[in-house]
Amino acid sequence: MGKSTKPLPEVILCYDLGGTKLRAAYISAAGKILAHVTEKVDLKAGFPGLIKLFVELSKRLPKARVKSISVASAGPLHPGKGVLLDPTNFFTLEKSWGVIPLVAHLKKAFKKPVRLENDAAAAVLGEMWKGGHGRKQNIVAMTLGTGVGIGVITNGQLVRAGRGLHTEASHIPINSEDRNYPCGCGAYGCIEAYLAGTHFSKRMGARVGKELTGPEAVELAEDGDLQVRTSFREYGKYLAQAIRSLTVTFAPEVVVLSGGFSHASSLFLPETKKALPHLLERYRDGIDLLPEVKVSKLQNDAGILGAAYLALND
Ligand SMILES: [Zn+2]
């Protein structure tokens, strides 16, 4: 008997475009990542180089029938218009790339339907679909890494800001009196100004006398360094403040944490869980708004799975 030729699987070609890396993956209709590749973005090559990289990565994946293409990207961007809005990560020779019509260029390169979504929005969709949160339809996903990404689903629907934009909830102030370290957005005391890795390092550096990398800080904390442990506990308290603000606005049943910090959750999450019931005391009668707070099991896959979910549920 000859070899039977299996029909090629039908997949969504999904991308996760971060500040420094581009990841491409084939994802099945059941939400399985069938193959994936990652490559550094060469900023010197500019926008044409980025489009080439999208095409090149697709060629490194095995053969499949690609139904459509879906991109989760760091913002700011406009999903409906398919453009990146002068993204802070992308500049060549100190010149910003400006407004980038990413979807139009990818459609031309691939001759397939293409979607674009904010990575934090994609991450929360990925969590709803594959995060193991049962039938919960009210979810906040917080990515705690170099920056802070926040995506929100209420009543089973992705929450958008007006004008078709993504909500910028990480710039909600939680302590505007603190003028020590301005947020990247120019304001003071934003959620991101406390919970982003870069800001955490600065604050902890001022306390311990030198700036530490994330892994160094975790190691010192695990060795019992009291000042570093205090910095993580303070992080946990600010996280509770942030979740309180998000909870009174969006009433999530679950808040899911991912990103680099979530791996060190034992150093700050107990503090968050201790503080949160007090911060929400007035919101616990009738419908108890206290959300479950947990670490994501999808981690870096949430965004790319969310991109697939969008393509499959259009
Ligand atoms: Zn800000």
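Order of listing sets the numbers, starting from 1, for every ligand and every atom in it.
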Original post:
Quick one: side chain to side chain contact (heavy atoms under 4.5 Å, CB included) partners of Lys274, sequence neighbours excluded?
Top reply: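 Partners of Lys274 under the side chain to side chain contact (heavy atoms under 4.5 Å, CB included) test: Glu271.
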Subject >> Flag side-chain contact, heavy atom, 4.5 Å: Leu239 against Phe268 >> reply: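 Sidechains of Phe268 and Leu239: in contact.
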Output side-chain donor-acceptor pairs under 3.5 Å for residues 302-314, partner residues at least two apart or in another chain, one line each.
unit_1: Asn313; atom_1: ND2; unit_2: Tyr309; atom_2: O; d: 2.8
unit_1: Asp314; atom_1: OD2; unit_2: Arg115; atom_2: NE; d: 3.1
unit_1: Asp314; atom_1: OD2; unit_2: Arg115; atom_2: NH2; d: 2.8

Original post:
Under the salt bridge (charged side-chain N to carboxylate O under 4.0 Å, His left out) rule, what pairs show up with a residue in residues 168-183, not counting sequence neighbours?
Top reply: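 Those involving residues 168-183 are Asp178-Arg203.
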Original post:
Taking atom types as modelled and ignoring hydrogens, do the side chains of Glu117 and Ser70 form a donor-acceptor contact shorter than 3.5 angstrom?
Top reply: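 Looking only at side-chain atoms, Ser70 and Glu117 do not form any donor-acceptor pair under 3.5 Å.
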**OP:** To the nearest 0.5 angstrom, please state how far the CE atom of Met204 sits from the CD atom of Glu211.
**Re:**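 CD of Glu211 is found 8.5 Å from CE of Met204.
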Original post:
Using a distance threshold of 2.8 Å, what protein N/O/S atoms lie below it relative to the Zn ion (ligand 1)?
Top reply: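 Atoms qualifying: His171 ND1, Cys183 SG, Cys185 SG, Cys190 SG.
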